[in-house]
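The block underneath contains the structure these notes are about, expressed in structure tokens.
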Amino acid sequence: MKKKLISLIARSVGACAGKGLLPDVDLSRIEVEVPANPEHGDYASNIAMVLASQARQNPRKIAQAIQENLDDPEGIVEKTQIAGPGFLNFMLKDDVWRSVLKDILDQKDRYGCLPAGSGKKVQVEFVSANPTGPLHIGHARGAVVGDVLCNLLAATGQQVSREYYINDAGNQMNNLGRSVLYRLRELAGEAVEFPENGYRGDYIREIAGDIFKKEGSRFRDENEEETIQRFNEAAGAVILDGIRKDLRDFGVTFDCYFSERELYRENGVGRLLDELQKQGFIYSDGETLWFKTTDYGDDKDRVVIRKNGEPTYFAADIAYHANKFSRGFDLLIDIWGADHHGYIPRLEAAIQAIGRPREDLKIILVQLVNLLRAGEPVAMSTRSGEFVTMREVLDEVGRDAARYNFLMRRSDSHLDFDLEVAKKQSNENPVYYVQYAHARICSILRTAQERGMTLPDFPAIRPSLLAEAEERTLIKMMARYPEMLEGAAKTLEVHRITFYLNELAAVFHGYYNKYKVVTQDAALSNARLVLVAAVREVLKNALGILGVGAPEKM
RNA sequence: GCGCCCAUGGCUCAGCUGGAUAGAGCGCCAGACUACGAAUCUGGAUGCCGCAAGUUCGAAUCUUGCUGGGCGCACCA
């Protein structure tokens, strides 16, 4: 709808320019929006004010010229008006609005979506937690935001690949193997002092227990370094399996799990560093190799090969992102915990050094979650093993409520997650508000069916019967749904979907309490059944993108 | 010390990339089921949009400075 109006305005401005009324201007700056106040029309454009400074004319005069030169071959505009400092307001014909109902019922679960393959090839990397322990609640937020973003991008035509990067080469993994070894020694009856920076969670004891059952004290006959390496891999595999299962139960799946070790096979990291050194991005100070990230705005250069000859995490990450691009993606999106924000400049520097514009990598920071129980903070620390896992949250509050709660804030804003509130099935918990609207409509349709009515085809109803203010509001809100999705996809802001859903559900609940859908008047009932069926479809589609269920009964 | 993010009713937060009278939910007060589901609805009170300048037709939104809070600042990942 917006697009149609923009092209109407663009043609009018062009016509004005042709007549010498206006200078030629940049048409890409035409904006159309939905005014906050319905009296200001269905849509409004600020074009005249934008042009005023360029054209050095009174904005109202410009608006008038545009208004007079509007050519509306499809006949969608009922009337226009000039208001305020120079807004051009549009009222659309009722038929235009009612045709939205037809679109929704025709397109069903594709309503609001753009054709597959019409967009870019995008890769989204998210979660990417080290397989050193189960996922906790902070990972859960990143998982949901990433998953929903992928759904959203796919719905708006992008070709999306979901990826989990496994940091399985490095010190953290050695800690894991060592932690297992020490628990195993305890089981074998040795008196040991557990390493300071070891992982203390119970899952380590379980893994050690399994190994002990299988092989007893075999570790005593082995070289310690080799044993740790062996336990790293064994424990990492077990933990990663658990992570995959938790994610799957949370509704999050990946197309690819990419192992950091993969990068080191056939010396991929080394070869890339050599290449960059040839190009002058890497220099040596005799002992270590440095990447000149300051060339691209970082505040200092970064080490890629340590004094001891080992590559840093950053070195691997450069190779990893080069690898991603080599797989043909137009756009990479990384989702990180906000505590990693200091890492952004160096990675942006790196992707520019490997020959990509900065816009080809977008990094979404997800703020940390404050976990509460009935208002009281819950202490969390991975190392000490005192933390609430994603699994526990899932079991306690359920998938739908947990996911919805993570989507109620902008991702860069802190989130208080209260377990008691999230599991309450009450009005404090917005997920049920939206789901209830859906279930209610299903109930209405069941009732209609019991009374012998069937959902009529759109052409069979008299759309002019939908004349109540609430009905018009519902229709207009549903007409905005595709625009909302596009905006959310463009800005990568998934929370917009949640807010939209709350608003649509609110308008519906208000309508429901005021008017009856199934009445003695068959024609009116038919029209209203079509309306609420359309609302149900939009609710279901949006909930589907959020990965939240749309129950028919609750 | 340097850098990034945040600051909007009592609380938790939106505010569609600069628009018209700043909005929701929770909480508080008062009401609505012999009704297609009351997990719902209707009405009411609450705001120097942290402070101060600047940019312009127009600022919660952009710029700069300050205040206050969070997070980073490894040859960890």
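First the proteins, then the strands, lettered A, B, ... as listed; each starts at 1.
Out of B/rA77, B/rG19, B/rG37, the shortest distance to the side chain of A/M49 is found at B/rG19. Checking B/rC36, B/rA20, B/rC41 against the side-chain heavy atoms of A/Y433 singles out B/rC41 as nearest. Out of B/rA20, B/rC41, B/rG37, the shortest distance to the side chain of A/H509 is found at B/rC41. Here B/rU17 is the nucleotide among B/rU17, B/rA39, B/rA77 with the atom lying nearest to any side-chain atom of A/E31. With distances taken from any side-chain atom of A/T288 to the nucleotides B/rA14, B/rC75, B/rG37, the minimum falls on B/rC75. Side-chain proximity of A/N89 to the nucleotides B/rA20, B/rC36, B/rU17 is greatest for B/rA20. Of the listed nucleotides (B/rA39, B/rC75, B/rG37), B/rC75 has the atom at the smallest distance from the side chain of A/K307. Closest to the side chain of A/Y512, from the set B/rU12, B/rA77, B/rA38, is B/rA38.
A/I228 contributes atom CD1, which lies 12.5 Å from atom CE of A/M173 (distance to the nearest 0.5 angstrom). Taking CD1 of A/I363 as the start and CH2 of A/W336 as the end, the distance is 3.5 Å to the nearest 0.5 Å. Here A/T491 contributes atom OG1 and A/I364 contributes atom CD1; the two are 9.0 Å apart, rounded to the nearest 0.5 Å. Between the CG atom of A/N502 and the OH atom of A/Y404 there is a distance of 4.0 Å, given to the nearest 0.5 Å. Atoms CD and OG1, on A/Q67 and A/T80 in that order, are 3.5 Å from each other to the nearest 0.5 Å. Rounding to the nearest 0.5 Å gives a distance of 9.5 Å between CG of A/L539 and SG of A/C442.
For the pair A/Y343 and A/S443, both in contact range of RNA chain B, the more 5′-proximal nearest nucleotide belongs to A/S443. Mapping A/L415 and A/L445 onto RNA chain B via the closest heavy atom, the residue that lands nearer the 5' end is A/L415.
In this structure, CZ of A/R440 is placed 7 Å from C1' of B/rA38, rounded to the nearest angstrom. Taking atom CZ of A/F291 as the reference point, atom P of B/rC75 lies 16 Å away to the nearest angstrom. Straight-line distance from the CZ atom of A/F508 to the P atom of B/rG37: 10 Å, rounded to whole Å. Following rounding to the nearest Å, A/K61 (NZ) and B/rC57 (P) show an atom-to-atom distance of 17 Å. Taking atom CZ on A/R409 and atom C1' on B/rC11, their separation rounds to 11 Å, with Å as the unit. What separates CE of A/M477 from P of B/rG23 is a distance of 16 Å, to the nearest Å. Atom OH in A/Y515 sits roughly 20 Å away from atom C1' in B/rG37 (whole-Å rounding). For the pair A/D416 CG and B/rC26 C1', the interatomic distance rounds to 13 Å; values are reported in whole Å.
Nucleotides B/rC51 and B/rA45 place their C1' atoms 28 Å apart, quoted to the nearest Å. One C1' atom belongs to B/rA14, the other to B/rG23, and the distance between them is 7 Å to the nearest Å. Separation of the C1' atoms belonging to B/rC28 and B/rC11 is 12 Å when rounded to the nearest angstrom. If you take atom C1' in B/rC48 and the same atom in B/rC57, they sit 24 Å apart, rounded to whole Å. As rounded to the nearest Å, B/rA24 and B/rG15 have C1' atoms that lie 10 Å from one another. Between B/rU56 and B/rA74, the two C1' atoms lie 47 Å apart (nearest whole Å). Only the C1' atoms considered, B/rU55 is 8 Å distant from B/rC62, to the nearest whole Å. When the C1' atom is compared between B/rG9 and B/rU17, the two are found 25 Å apart, to the nearest whole Å.
Taking 3.5 Å as the limit, the base of B/rU21 and the side chain of A/N37 contain a donor-acceptor pair of atoms between them. With hydrogens and angles left out, the side chain of A/D339 and the base of B/rG72 share no donor-acceptor pair within 3.5 Å.
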Subject >> Nucleotide-level pairing of RNA chain B, given in dot-bracket where Watson-Crick and G-U pairs need both distances under 3.5 Å and | marks other strands >> reply: (((((.(..((((.....[...)))).(((((.......))))).....(((((..]....)))))).)))))....
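Using a 4.0 Å cut-off between charged nitrogen and carboxylate oxygen, A/K514 and A/E468 do not count as a salt-bridge pair.
Contact annotation for A/A439: base contact, defined as any heavy-atom pair under 4.0 Å involving a base atom. A/V34 comes within contact range of at least one nucleobase, with a heavy-atom separation under 4.0 Å. Across all strands shown, A/P85 has heavy atoms under 4.0 Å from base atoms, whether or not it also approaches the sugar-phosphate. Using a 4.0 Å heavy-atom criterion, one finds that A/A488 contacts no nucleic acid atom at all. Using a 4.0 Å heavy-atom criterion, one finds that A/A448 contacts no nucleic acid atom at all. Looking at heavy-atom distances under 4.0 Å, A/K514 makes no contact with the nucleic acid at all.
Inspection of the A/E163 and A/Y320 side chains reveals an N or O donor paired with an N or O acceptor under 3.5 Å. With hydrogens and angles left out, the side-chain atoms of A/Y165 and A/D334 include no donor and acceptor closer than 3.5 Å.
Nucleotide B/rU63 carries an anti base; the chi torsion (O4'-C1'-N9-C4 or O4'-C1'-N1-C2) is more than 90° from 0.
In this structure, A/F90 has its ring center no closer than 6.0 Å to that of A/Y43. A/F406 has its ring centre less than 6.0 Å from the ring centre of A/F417.
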Subject >> Sugar-phosphate or base contact per nucleotide [nucleotides 2-10 of chain B; S, B, -; heavy atom under 4.0 Å] >> reply: -BBSS----
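Once the 5.5 Å centre distance and the 30° plane angle are applied, the aromatic ring of A/H40 is found stacked with the base of B/rA20. Stacking is found between A/F87 and the pyrimidine-like six-membered ring of the B/rA20 base under the 5.5 Å centre-distance and 30° plane-angle cut-offs. Ring stacking holds between A/H340 and B/rA77, with the centres under 5.5 Å apart and the planes within 30 degrees of each other.
Near-neighbour residues of RNA chain B inside residues 496-504 of chain A, defined by a heavy atom below 4.0 Å, number-ordered: A/R496, A/F499.
Between A/Q352 and A/E348 there is a side-chain heavy-atom pair separated by less than 4.5 Å.
For A/Y436, a side-chain nitrogen or oxygen approaches OP1 or OP2 of B/rA39 to under 4.0 Å. In this structure, A/Y43 does not reach the B/rG19 phosphate: none of its side-chain N or O atoms is under 4.0 Å from OP1 or OP2.
Using a distance-only test at 3.5 Å, with no hydrogens or angles considered, a donor-acceptor pair links the side chain of A/Y164 to the main chain of A/A129.
Using cut-offs of 30° and 60° on the angle between ring planes, the pair A/Y512 and A/F508 is tilted.
Minimum interatomic distance between A/D168 and A/S259 (heavy atoms only, all atoms of both residues): OD2-OG, 2.6 Å.
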Subject >> A/N541 vs A/Y481, side chain to side chain donor-acceptor pair (under 3.5 Å): CA-CA, chis, key distance, verdict >> reply: CA-CA 10 Å; A/N541 291 359; A/Y481 176 68; 5.1 Å; no
